[in-house]
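Have a look at the structure below, then the notes.
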Amino acid sequence: MPISLRTQVGIVGAGPAGLVLSHLLHLQGIDSVVVENRSRQYVEERVRAGVLEQGTVDLLVEMGVGERMKREGLIHYGVELRFHGHSHRIDFKDLTGGKGITIYSQHEVVKDLTDARIAAGGQVLFEVEGVSVHDFEGAKPKIRYRKDGQAYELTCDFIGGCDGFHGVCRPSVPEGVLTEYERVYPFGWLGILAEAPPSSEELIYTYHDRGFALLSMRTEQISRLYLQCKPDEEVSLWPDEKIWQELHTRLAAEGWELTEGPILQKGVTRMSSFVAEPMQHGRLFLAGDSAHIVPPTGAKGLNLAVADSRILARALADFYATGRHDLLDGYSQTCLRRVWNVQRFSWLLHRFPDENPFDRRRQLAELDYVTSSRAASQSLAENYVGLAMEW
Ligand code: APR
Ligand code: PHB
């Protein structure tokens, strides 16, 4: 017999979406339990993106989990776009009225959130097995799972499906309810983490004949670099010297040097976009990667997950305070507006395998426009630092 437990909001997944949701609910006096199938160490060491929008930073600070991020994060007020060997800076501060981005790894955000949940006595259960979600079309949804060999049934008022793209929540929605939109891009990203001080203070996005390249960073000692590659690229065909050589070629600009260093990690990321609509069915609410994924180009996945959880937490708090459910009913529509806008902002710097010379000239014209028109630069900057949370 399973042991019966009860909470207000049962949350599947201790990634950014689940942890932000749980902590925001706690701050409003609402009880939640998070169940996660991986170990705490695994979740806290999983290397992902590292760019936080202004709204994400502000929210983490408001939630009281921003101390280390403020200390260790690198604030950037611009990025460089590089093509034809020339650099063009997009000045966020000037173009957005003072906003910027913060470079701080997703797994550090996850550590800070987990520490905060546990310090506040929150229940985050790691290494649970066989998670399944039930009865969310009625008033008493349930999450079933096993921990240390014992079966549990957690009855709740609502379920937060924060279990990422490969989780169990989205597939548990009955067939025919969700419409799924998908686009798989005909290229991937070969990414490396290198023990080398970043060769630029700000991120550099390059459009080159041989494909896109990006210089990013994690800290003042660690660079993160990417090269556009085939979607099924074999990492083993890329010894370190070949990677550095290709980065030198694609990122080249007059009077600028790329600093090399030992490569700590390398891997290929496939690029795809996915959106499931609506993001809710009955009392099951999907948030973050479980409902949508964006290509890594804009580094928006974490920011979208945080935005969803903020909107969901507010809607749940309003329901518990007033009994009204209009914010809950509007959850999906509110989130999807931002999600689709971010899909739209999925970048112009890649070379497509099937492009013709016309496509290439048109793409270069777009880059020329983005870097020379204030209106176009402003639009890019506004999207990059992140649309206002209320958008
Ligand atoms: N049961 C319990 N937990 C699960 C299950 C399951 N069946 N399936 C997945 N999980 C857990 C995963 O182990 C992971 O810790 O759910 C969590 C989902 O977290 P993320 O994948 O980080 O997704 P999300 O919180 O939506 O954050 C989105 O993560 O994928 C990146 O780049 C993406 O930055 C974005 C962010
Ligand atoms: C990263 O540092 O991982 C990163 C930065 C910017 C991007 C994508 C990824 O656009």
Side-chain angles (χ1 to χ4, degrees), residues 10-22 33-53 56 74 76 79 81 101-107 109-110 113-114 124-133 143-147 159-172 189 191-193 198 202-205 212-219 222-226 265 267 269 271 274 279 286-309 312 342 345-347 349-350 383-384:
I11 299 173
V12 185
L19 293 168
V20 166
L21 178 61
S22 175
V33 174
V34 183
V35 294
E36 162 65 51
N37 60 2
R38 301 284 192 165
S39 69
R40 179 170 179 182
Q41 187 183 359
Y42 179 92
V43 175
E44 291 188 349
E45 288 177 358
R46 190 164 42 191
V47 173
R48 294 254 176 90
V51 177
L52 307 185
E53 292 177 354
T56 302
L74 309 171
H76 289 185
V79 288
L81 300 186
I101 51 158
T102 295
I103 307 292
Y104 189 64
S105 297
Q106 174 170 321
H107 66 273
V109 174
V110 164
L113 284 163
T114 309
V124 186
L125 311 177
F126 291 96
E127 297 178 80
V128 302
E129 289 172 319
V131 174
S132 58
V133 290
I143 301 178
R144 297 199 184 116
Y145 60 92
R146 285 189 311 279
K147 180 148 176 65
I159 297 177
C162 303
D163 49 348
F165 186 63
H166 300 287
V168 292
C169 290
R170 191 184 65 251
S172 302
W189 273 21
I192 62 161
L193 208 56
E202 295 178 342
L203 273 60
I204 304 175
Y205 291 84
F212 167 83
L214 165 62
L215 180 143
S216 177
M217 61 210 68
R218 286 292 174 270
T219 64
I222 305 282
S223 297
R224 176 87 171 139
L225 295 127
Y226 297 97
Q265 202 187 77
T269 311
M271 304 261 290
F274 174 88
M279 290 168 55
L286 304 176
D289 274 20
S290 71
H292 43 73
I293 49 172
V294 282
T297 337
K300 294 293 188 198
L302 162 72
N303 297 290
L304 275 183
V306 169
D308 288 353
S309 291
L312 183 53
V342 168
F345 169 71
S346 146
W347 274 50
L349 288 157
H350 290 86
N383 278 283
Y384 202 105

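Whatever order the structure lists ligands and atoms in, that order sets their numbers, starting from 1. All figures in this text were calculated on a predicted structure; none of them were measured in a lab.
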Give the atoms of ligand 1, by number and element, whose distance to some non-hydrogen atom of Leu302 is under 4.0 Å.
34 (O), 35 (C)
Starting from atom 27 (O) of ligand 1, locate the nearest protein heavy atom and write down its residue, its atom name and how far away it is, to 0.1 Å.
Pro16 CD, 3.5 Å
Of the protein's non-hydrogen atoms, which lies at the shortest distance from atom 33 (C) of ligand 1, and what is that distance?
Asp289 OD2, 3.3 Å
Output for pair (Asp308 CG, Met279 CE), nearest 0.5 Å, gives 3.5 Å
Just go through Leu125, Val168, Val35 and tell me whose heavy atom is the nearest to atom 7 (N) of ligand 1.
Val168
So, regarding Gly164 and ligand 1 (criterion: nitrogen or oxygen to nitrogen or oxygen, under 3.5 Å), is there a contact or not?
no
Check the angle between the aromatic planes of Phe165 and Phe274 and answer parallel, tilted or perpendicular using the 30° and 60° thresholds.
perpendicular
Would you confirm whether Ser309, through its side chain, and Ala17, through its main-chain N or O, come within 3.5 Å as a donor-acceptor pair?
yes
For atom 9 (C) of ligand 1, closest protein heavy-atom neighbour
Asp163 O, 3.1 Å
Check for a donor-acceptor pair, side chain of Ser172 on one end and backbone N or O of Val168 on the other, with a separation under 3.5 Å.
yes
Considering both backbone and side-chain atoms of Arg46, is one of its nitrogen or oxygen atoms within less than 3.5 Å of a nitrogen or oxygen in ligand 1?
yes
Residues forming a side-chain contact (heavy atoms from CB on, under 4.5 Å) with Ser105, sequence neighbours excluded:
His107, Glu108, Arg218
On a heavy-atom basis, the closest approach of Arg170 and Asp289 is NH1-O, 4.2 Å
Show the nearest heavy-atom pair for residues Gly301 and Val294, with the distance to one decimal.
N-CG2, 3.7 Å
Pick, from Glu44, Arg38, Arg48, the option with the minimum heavy-atom distance to atom 21 (O) of ligand 1.
Arg48
Holding to side-chain contact (heavy atoms from CB on, under 4.5 Å), I want the full list of residues that pass it with Ser290, two or more places apart in sequence or in another chain.
Asp163, Leu286
Where is the nearest protein heavy atom to atom 2 (C) of ligand 1: which residue, which atom, and how far?
Asn37 N, 3.3 Å
To the nearest 0.5 Å, atom CG of Asn383 lies from atom CD of Glu53 at 9.0 Å
Which atom pairs, donor and acceptor, lie under 3.5 Å between side-chain atoms of residues 125-132 and protein residues at least two apart or in another chain?
| from | atom 1 | to | atom 2 | distance (Å) |
| --- | --- | --- | --- | --- |
| Ser132 | OG | His134 | NE2 | 2.7 |

Could you check atom 19 (O) of ligand 1 against the protein and tell me its nearest heavy-atom contact, residue, atom and distance included?
Gly15 CA, 3.5 Å
Nearest to atom 25 (O) of ligand 1, what protein heavy atom do you find, and at what distance?
Ala17 N, 2.9 Å
In ligand 1, which numbered atoms sit nearer than 4.0 Å to a non-hydrogen atom of Gly301?
34 (O), 35 (C)
What atoms of ligand 1 come closer than 4.0 angstrom to any heavy atom of Gly288?
26 (O)
At less than 3.5 Å, what protein N or O atoms come close to the N or O atoms of ligand 2? Include the distances to 0.1 Å.
| from | atom 1 | to | atom 2 | distance (Å) |
| --- | --- | --- | --- | --- |
| ligand 2 | 2 (O) | Ser216 | OG | 2.6 |
| ligand 2 | 2 (O) | Arg218 | NH1 | 2.8 |
| ligand 2 | 3 (O) | Arg218 | NH2 | 2.8 |
| ligand 2 | 3 (O) | Tyr226 | OH | 2.6 |
| ligand 2 | 10 (O) | Tyr205 | OH | 2.6 |
| ligand 2 | 10 (O) | Thr297 | O | 2.4 |

In the protein, which heavy atom is nearest to atom 34 (O) of ligand 1, and how far is it?
Gln106 OE1, 2.5 Å
Heavy-atom proximity to atom 18 (C) of ligand 1, picking from Gly13, Gly130, Cys162, points to Cys162
Which residue and heavy atom of the protein sit nearest atom 13 (O) of ligand 1, plus the separation
Glu36 OE2, 2.6 Å
What distance separates Ile204 CD1 from Leu225 CG, expressed to the nearest 0.5 Å?
9.5 Å
Determine yes or no for a side-chain-to-main-chain donor-acceptor pair under 3.5 angstrom, with Lys300 supplying the side chain and Tyr384 the backbone.
yes
Inter-residue atom distance Ile11.CD1 - Cys169.SG, 0.5 Å rounding
10.5 Å
